[in-house]
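As structure tokens, the structure follows; a few thoughts come after it.
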Amino acid sequence: MKMRELSLIFVLVLLIAVVSIINPAFFTIENLLEVLKNNVVTLIPTLGMLMVLLIGGIDISIASTMALAGMAVGLLFKYNMISSTFLGIVIALAIGAVCGLLMGVIIGLGNVPPIIATMGGMYIFRALAYLVGNSQWAGAEALGTYKEFALKDILGVNVTIWITILCYIIFFILLKWTKFGRNIYAVGSNAEAAEISGIKVARVKIAVYTIMGLLCGLTGALNTSIYASAQPNSLTGKEMDVIAACVIGGVSMSGGRGSVGGALLGGLVLAVIAKALPLVHIPSIAQNTIKGVLIVVVIIVNVLTQRAMNRRALARREM
């Protein structure tokens, strides 16, 4: 994983260098911080998807969960049912956790394939977002002071970036130095062996999907504040960006392999690509195509680099 991460750092630096040469305005502190702020809604759920993929699962309901949580909070502020930003975020966390718990129970206890369960969740949660909205949405005026939360800075850095950094520190510790983290890797490597060794596989799956839901709730709340808007169709397709960030970061789709550092680097590569395309004057109609091609190229370069490093390491051992 360290070799994979080193290759990703190389790719990230190369991308930034190329874009900066084409458009020098890209490589400024203000612009880089803006890139991070705008991609908080990808970076935070990437942590949850990392854990889901580590246990050999997948979750395509996350964008719908984010939309539901964000929509609920937006309408609560719109109709003056709450006025506290902290309470709004807590409510969004609770909604996300319930959605994640539901997915975890269906997958962990019901043994339903994750892709099937979360596909159902994707449609259900998105429909609930529309039902909650009842053909309404919350704009900047309706959100009142809540929209100002994402405008706050601490030591010159936006508060949403600090929240993202805190999340990555917590999950780094969780996966690297806790029993729960070791259990996640064990379940993803071999669920049957993990069960025999005494690990409650179903409980681990339920916990992981609940955490995924929590992060989606947080992301939905932050998205509403960042963009000063709550709409039931928001973040449509975001699950693909989150999965792509994990795959770019070297997280195995079959489980058992991946790291927080790799997921972060994958998310940053994706963020740079998304920001770079408009700056180099790529037409909007072609941006998704170019983005897809660049993602594939980055993954191929990443894999080839790791293989070359592995061969050199093997040659040194044989000597």
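For the numbers below, each heavy atom of this structure counts, side chains included, while hydrogens, waters and symmetry mates do not.
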(request) Please report the shortest heavy-atom distance between Leu264 and Tyr168, naming the atom on each side. (result) CB-CE2, 3.5 Å

(message) Does anything in residues 107-130 form a side-chain hydrogen bond (donor to acceptor under 3.5 Å, both in side chains)? List the pairs, not counting sequence neighbours.
(response) none

(message) Run the side chain to side chain donor-acceptor pair (under 3.5 Å) test against Thr164 and tell me which residues pass, sequence neighbours left out.
(response) none

(message) Using every non-hydrogen atom in the two residues, find where Trp137 and Lys78 come nearest and quote the distance to one decimal.
(response) O-NZ, 2.8 Å

(request) For Leu215 and Gly48, work out which heavy atoms get closest and say how close. (result) CD1-N, 3.3 Å

(message) Within a 6.0 Å radius of atom CE on Met81, are there more than 12 heavy atoms belonging to other residues, nucleotides or ligands?
(response) no

(request) Find out whether Thr224 and Phe77 are in side-chain contact, i.e. whether some heavy atom of one side chain is under 4.5 Å from a heavy atom of the other. (result) no

(request) Please identify each residue that fulfils salt bridge (Lys or Arg N to Asp or Glu O under 4.0 Å) with Lys238, with sequence neighbours left out. (result) Asp241

(request) Answer yes or no: is there a side-chain heavy-atom contact under 4.5 Å between Val208 and Phe180? (result) yes

(message) Filter on ring-ring contact (aromatic ring centres under 6.0 Å, His included), then keep only pairs touching residues 213-237, sequence neighbours left out; what's left?
(response) none

(request) Please collect all side-chain hydrogen bond (donor to acceptor under 3.5 Å, both in side chains) contacts where either partner lies in residues 25-35, sequence neighbours excluded, each pair once. (result) none

(request) Search all heavy atoms of Ile44 against all heavy atoms of Leu222 and return the closest pair with its distance. (result) CD1-CD1, 3.7 Å

(request) Apply side chain to side chain donor-acceptor pair (under 3.5 Å) to Glu195 and list each qualifying residue two or more places apart in sequence or on a separate chain. (result) none

(request) Search all heavy atoms of Ala63 against all heavy atoms of Gly237 and return the closest pair with its distance. (result) CB-N, 4.5 Å

(request) Using a 4.5 Å cut-off on heavy atoms from C-beta on, say whether the side chain of Ile106 contacts that of Tyr209. (result) no

(request) Output all residues satisfying side chain to side chain donor-acceptor pair (under 3.5 Å) with Thr145, sequence neighbours left out; order by chain, then residue number. (result) none

(message) Test: ring-ring contact (aromatic ring centres under 6.0 Å, His included). Region: residues 82-104. Which pairs qualify, not counting sequence neighbours?
(response) none

(request) Please report the closest heavy-atom contact between Val201 and Ala194, naming both atoms and the distance. (result) CG2-CB, 4.2 Å

(request) Using the rule that two of Ile, Leu, Val, Met, Phe, Trp, Tyr join whenever any of their side-chain heavy atoms come within less than 4.5 Å, decide whether Leu47 and Leu101 are in one cluster. (result) no

(request) Would you please name every residue forming a ring-ring contact (aromatic ring centres under 6.0 Å, His included) with Phe172, sequence neighbours left out? (result) Trp177

(message) According to side chain to side chain donor-acceptor pair (under 3.5 Å), who are the partners of Ser197, at least two apart in sequence or on a separate chain?
(response) none

(message) Could you work out, with ring-ring contact (aromatic ring centres under 6.0 Å, His included) as the rule, every residue matching Phe125, not counting sequence neighbours?
(response) none

(request) Could you list all the salt bridge (charged side-chain N to carboxylate O under 4.0 Å, His left out) pairs where at least one residue sits in residues 140-169, not counting sequence neighbours? (result) none

